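What follows is one structure encoded as structure tokens, with my remarks underneath.
Computed over heavy atoms, backbone and side chain alike; hydrogens, waters and symmetry mates excluded. All chains are named by letter (A, B, ...) in the order of the sequence lines, taking the proteins before the strands, and each is independently numbered beginning at 1. Values in this document were obtained by computation on a predicted structure and should not be read as measured data.
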There are 2 protein chains.
Amino acid sequence: MTKKLLLKDIAKLAGVSEMTASRALRGAPDVSAKTKAKIEEIARSHGYVPNRIAGSLSSQSVNLVAVVVPSLNSFVFPEVLSGISAVLKESPLKPVVGVSGYDLEEEESVIREMLSWRPSGLIVAGLEHTEATRRMLQQADCPVVEAMDVDGDPVRHCVGISHLQAGREMAEQILARGYRSIGFIGTKMPQDFRARKRFDGFTDGLAAQAVTLADLEHYSGESSIQTGRQMTAQMLSRSPDLECIYYSSDVMSVGGLMHCLAAGLSVPGDIALAGFNNLQILQGLPLQLATTDACRHEIGERAARIILKSRETGGAEGLVFDRLTPAISLGETL
Amino acid sequence: MTKKLLLKDIAKLAGVSEMTASRALRGAPDVSAKTKAKIEEIARSHGYVPNRIAGSLSSQSVNLVAVVVPSLNSFVFPEVLSGISAVLKESPLKPVVGVSGYDLEEEESVIREMLSWRPSGLIVAGLEHTEATRRMLQQADCPVVEAMDVDGDPVRHCVGISHLQAGREMAEQILARGYRSIGFIGTKMPQDFRARKRFDGFTDGLAAQAVTLADLEHYSGESSIQTGRQMTAQMLSRSPDLECIYYSSDVMSVGGLMHCLAAGLSVPGDIALAGFNNLQILQGLPLQLATTDACRHEIGERAARIILKSRETGGAEGLVFDRLTPAISLGETL
DNA sequence: TCCGGTATCGATAACGGTTGCGATACCGAT
DNA sequence: ATCGGTATCGCAACCGTTATCGATACCGGA
């Protein structure tokens, strides 16, 4: 809580100019090893922390990458983040996270806030934005990546998987195994566009073989095991003839499995189950649940690499459109 | 991707001085409603995003609160974060997250990095830091809160629960139910100090009634259902007479429960289980697992309130030491 | 001894806003 | 018409650091 310590103070203490002190502390060249050591020692012992606000303004560079995701509770985005961090670790860049809460208006204000710090890059989940957000993404003088989804019209770079296709493929797999009476349990959240696309892809896939959903339920609030269990119980009591349920998230399908365990239903004998994401929590359960891997870590890695490369080349590299193919794992519940 | 847009450009377009434009866009007084509207319209239509780096340097104020946590994957810290966000939402402050990866050296560098942005406050998980970190926390000219834990010597403000006590109380509850052959499964992570304290408290609690651990296992890597299941299987095959297992995390105890389900063991008849955290994933399982609530959301809220209050009063308020009492819920597995 | 070249350092001018205070315009009251 | 007061605006200095470029010191070779 002592007086504010400035570079000028350190310089004075070391008997050098501000410039030399600045260079020494940044590891810039043109400083002799001796004076550098001296300056570092003084700075360290006095607990000097350089003011990066001033530094960034002056150098016109901010070594931060803005990452905007809908939520941090949902198991899925932290893993995208860890992919990003892993790649950025080898560079001077650091990720900074913003949370939009599955709300496009909030997303707009979060992105505006982040861009006002002039980051070196921006990674945002999803392709759906307000018009004002799209304008900002276009105008931004840093690389911009829209991640996780490829079904839509990206403003600039894009990495992700097709959720439409993921839904469709799961439908095909389910039909291929002979199930015909099929239910769907998904989020009501109007702005979870990727869940919506999986739903659309799924019903498309069914329709292609002239099958329509036997039952359908939407829940509000975040996905949870608890909710999955309740919804499943509800749906099965309403539609006892159901042969298979597809959930918009693994968390929900785990809940479904829990209901079946409690109700003494055999899976997939009495009822087949499938989810989406291939979350970590699927490991270690009594049964290996069917799911589609969402490539979360890899999407994060690739998004970060796009930022890095675009920085090197000065953005003259052309736009990346990177569509990953998610792998279905059938597990033991189909 | 047009030319960089500066305040001066907006001012020119609106036919006013930079100052007036600045005031208008910040909602500062001394601007007529008419000119303000005009300036805002021009800024909006051109997609102008003010440069907060320059603004913050000039105004000597950054409306950010740095939050440093060990991990974002672990279910527990996102909830602390949501508590912080909820409280900060009513203020101009925004949280910025840094991840230390359960590594004090990394924590030091993350904190240094965050402080270099001169935030309005700093919230960090845990009381254990390197000496250099402690110096920085002392020196920082913003309020600092150490959160989640109260067993130790806080540098400034502090909110949390006693993990020593949480472990001890769980030991008492377990003993009170007559269990005597007790195992513990915990993380090997040397720098997960809170898990360590729960372990110490737990063995203390047992020792107080002359009981010693019948078996003990430490795993490395992050906690997961999978690991919990494997460790439990391992321990039970090694110590078949075990009556109860205490885990350092709910995620692990869920894995234990899964093993018991798969192995046809009755819980708590054959083996009793207890975890820690009261995580959301406990809801919806076949059995309600015993656990201790870690007050994550509330800790976040209180930490944020300390920052807010300390800002109002200019830090002249005296240090807060806020010890919450975690509630044990015995569930159906003890 | 003198010279060119390199290593090391410092003075100055930004960087893009905001604070503080002074200037101007406009109003009703005298 | 003059005046005091308020609403509105602009000028200049400054925030703390870094880029740029010029200055100085030092070295080996001619």
Exactly one candidate in His129(A), Gln191(A), Glu108(A), Glu107(A) meets side-chain contact (heavy atoms from CB on, under 4.5 Å) with Ser100(A); the answer is Glu107(A)

Would you say Lys4(B) places a side-chain N or O within less than 4.0 Å of OP1 or OP2 belonging to dG16(C)? yes

Might you point out which heavy atoms bring Leu64(A) and Glu113(B) nearest each other, and give the distance in Å? CD2-OE2, 4.3 Å

Hey, what do you get for CZ (Arg134(A)) to CD (Gln139(A)), rounding to the nearest 0.5 Å? 13.5 Å

Hey, does the side chain of Gln60(A) come within less than 4.0 Å of dG16(C)'s phosphate (OP1/OP2), counting only N and O? yes

Looking at every strand, decide which applies to Leu57(B) at a 4.0 Å heavy-atom threshold: base, sugar-phosphate, or nothing. base

To the nearest 0.5 angstrom, please state how far the OG1 atom of Thr133(A) sits from the CD atom of Glu128(A). 12.0 Å

Looking at Pro78(A) and Asn73(B), what are the two nearest heavy atoms and their distance? CB-OD1, 3.5 Å

Calculate the interatomic distance between Lys12(B) atom NZ and dG17(C) atom P; express it in whole Å. 13 Å

Nearest-Å distance for atom pair CG/P, residues Asp9(A) and dC15(D): 13 Å

Test item: Glu146(B) side-chain N/O and Val155(B) main-chain N/O as donor-acceptor pair under 3.5 Å: yes

How far does CG of Asn63(A) sit from OG of Ser56(A), to the nearest 0.5 angstrom? 7.5 Å

Using five base pairs at each end, measure the axis-to-axis angle across the helix from dT1(C)-dA30(D) to dT30(C)-dA1(D) and round it to 10 degrees. 50°

N/O to N/O distances under 3.5 Å, protein versus nucleotides 5-13 of chain D:
| from | atom 1 | to | atom 2 | distance (Å) |
| --- | --- | --- | --- | --- |
| dC9(D) | OP2 | Ser32(B) | N | 2.9 |
| dC9(D) | OP2 | Thr35(B) | OG1 | 3.2 |
| dG10(D) | OP1 | Ser17(B) | N | 3.3 |
| dG10(D) | OP2 | Ser17(B) | N | 2.8 |
| dG10(D) | OP2 | Ser17(B) | OG | 2.5 |
| dG10(D) | OP2 | Thr20(B) | OG1 | 2.3 |
| dG10(D) | O5' | Ser17(B) | OG | 3.3 |
| dG10(D) | N7 | Arg23(B) | NH2 | 2.8 |
| dG10(D) | O6 | Arg23(B) | NH1 | 3.2 |
| dG10(D) | O6 | Arg23(B) | NH2 | 3.1 |

Say you draw a straight line from CD1 of Ile10(A) to CG of Leu5(A); how long is it, rounded to the nearest 0.5 Å? 4.5 Å

For a quick test of reading the model, state the closest non-hydrogen atom pair linking Val159(A) to Ile299(A) and the distance between them. O-CG2, 4.1 Å

Contact check, residues 46-56 of chain B vs DNA chain C, heavy-atom distance under 4.0 Å, returns Tyr48(B), Asn51(B), Ala54(B), Gly55(B)

CG of Leu6(A) versus P of dT18(D): gap in Å, rounded? 12 Å

Distance, nearest 0.5 Å, that separates CD1 of Ile84(B) from CZ of Arg302(B): 14.0 Å

Nearest-0.5 Å distance that lies between atom OG in Ser61(A) and atom CZ in Arg52(A): 9.5 Å

